2 protein chains.
Amino acid sequence: MIERDAQGKQWTAETAAVTGLHIRRLRTERGLSLSELARRAGIGKATLSGLETGSRNPTAETLYAIAGQLAVPLAALLSAPDAAPTVEGEAVSATLLEVFRDGAVSTELYRLTIRPGAVQVSPAHAPGVVEYLTVFSGTARVGPVAAPRLVAAGEHACWVSDGPHGYAAVGGVPVEASLLIRHPLTD
Amino acid sequence: MIERDAQGKQWTAETAAVTGLHIRRLRTERGLSLSELARRAGIGKATLSGLETGSRNPTAETLYAIAGQLAVPLAALLSAPDAAPTVEGEAVSATLLEVFRDGAVSTELYRLTIRPGAVQVSPAHAPGVVEYLTVFSGTARVGPVAAPRLVAAGEHACWVSDGPHGYAAVGGVPVEASLLIRHPLTD
DNA sequence: GGATATCGTTCCGTCTATGGAACGATGGGG
DNA sequence: CCCCATCGTTCCATAGACGGAACGATATCC
């Protein structure tokens with residue numbers, strides 16, 4: 001299946017600087033002064049200034065206050081858009097966008113790009129795991145290796161991934177798609 | 001109809017507790033002990049313990065280290081992604097998670113909750129707009145008002161939304177789902 | 001039983017993120 | 001010209017987040 005990046009992300013000087021730039025950009029886009037945003041968010045000017053210049057390691061409380069006033073999700077402040085864990089395979093690049101948890105089911109949402117010229121085969125998952133693929137552009141051949149399906153732009157497919165299954169782009173064009181993987185929580 | 005959360009989100013005792021539960025859940029799902037995760041993430045056991053029990057206000061550095069080791073986006077640790085723009089309807093709450101743009105198509109991804117006891121009907125969209133709904137939990141009756149479909153947990157449905165279409169929860173339980181809306185860009 | 005290991009929590013000294021105040025710079029208005 | 005408001009940065013005492021060590025609890029082996 002999709003192997004996860006076991007390498008941990010880290011908070012570095014660079015991360016801090018990028019985060020600061022994001023905040024400053026969002027603030028100026030809204031025509032807010034540093035003092036004004038600090039006042040509205042209920043934080044000190046010193047804190048916000050230090051944050052924007054990348055010389056601080058903010059707490060969750062501070063980040064929440066700022067994101068709330070800027071009316072953006074926290075993720076918009078923190079990471080570069082693609083700092084999420086990315087999985088690279090022979091033919092597939094996947095970015096984990098969200099993890100939903102509802103009752104006894106965990107659902108992971110990936111942004112998927114399938115490169116042409118190769119086929120990626122993933123081994124079986126745990127029983128009960130289902131995958132849903134929606135193609136934005138290009139044409140993909142996906143599903144169980146025993147019974148693959150052609151999915152064109154705007155179409156979608158789903159399959160039970162309790163056996164080996166593959167991903168391939170058809171026609172020499174990369175495929176852009178979203179992939180939902182639904183895991184029953186077997187605890 | 002479109003309400004935006006202009007009120008700032010705040011870091012409260014409850015936020016901290018929910019965040020802690022998310023972390024603990026992700027950790028135990030992976031079969032990791034608290035000590036082991038702390039060691040791998042390079043943080044103190046005291047820090048992780050306090051975080052999971054909701055008695056701390058972690059720094060970005062700590063959150064990054066944990067999210068990295070759990071291989072999830074930071075948003076999966078922090079409480080529900082409801083700091084994002086949210087659309088509230090009579091029966092439906094939708095959160096815009098992502099917008100993809102690929103060639104001549106724009107695709108919006110929503111996180112959807114349908115409350116029981118009401119039916120929400122949306123007017124026709126532009127021609128060529130298609131919606132894809134994947135249900136995580138509960139059972140939904142969705143699709144064109146002329147031909148609605150029943151979708152149970154783990155199933156999905158798609159329909160062309162060039163006519164009025166509705167969303168309803170069946171069986172008195174809220175429905176949790178993801179919704180992809182695919183717009184051809186006709187400009 | 002005793003010895004050992006690891007679990008998650010609590011204690012505590014250190015370090016640092018915090019907000020208020022003071023700072024120099026800038027820009028109108030009278 | 002002076003006066004005053006507001007800009008973003010820097011200084012600083014304090015609150016609190018940090019990791020190491022010690023803790024009691026539980027399991028496993030001899």
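To find a chain, count down the sequence lines: A is the first, B the second, and so on, and within it residues start at 1. Here the structure is a predicted model, which means the values were calculated and not measured.
- A:A38 and A:L48 get closest at one heavy-atom pair: N-CD2, 3.8 Å.
- Here the shortest heavy-atom pairing between A:G172 and A:P116 reads O-CG, 3.6 Å.
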Could you list all N or O pairs between the protein and nucleotides 5-12 of chain D that sit under 3.5 Å apart?
unit_1 : atom_1 : unit_2 : atom_2 : d
D:dC7  : OP1    : A:S33  : OG     : 2.7
D:dG8  : OP1    : A:R27  : NH1    : 3.3
D:dG8  : OP1    : A:L34  : N      : 3.3
D:dG8  : OP2    : A:L34  : N      : 2.6
D:dG8  : OP2    : A:S35  : N      : 3.3
D:dG8  : O6     : A:K45  : NZ     : 3.3
D:dT9  : OP2    : A:S49  : OG     : 2.8

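- Position along DNA chain C of the nearest nucleotide to B:T59 versus B:L48 favours B:L48 as the more 5'-ward residue.
- Between A:Y167 and A:W159, the angle of the ring planes goes over 60°, which puts this pair in the perpendicular group of the 30/60° scheme.
- A donor-acceptor pair is defined here as one N or O able to donate and one able to accept, closer than 3.5 Å; such a pair exists between the side chain of A:R149 and the backbone of A:C158.
- The CG atom of A:L51 sits 6 Å away from the P atom of C:dT18 (whole-angstrom rounding).
- Rounded to an integer number of Å, the gap from CH2 of A:W11 to C1' of C:dT16 is 14 Å.
- Rounded to the nearest 0.5 angstrom, A:L63 CG and A:T19 OG1 are separated by 8.0 Å.
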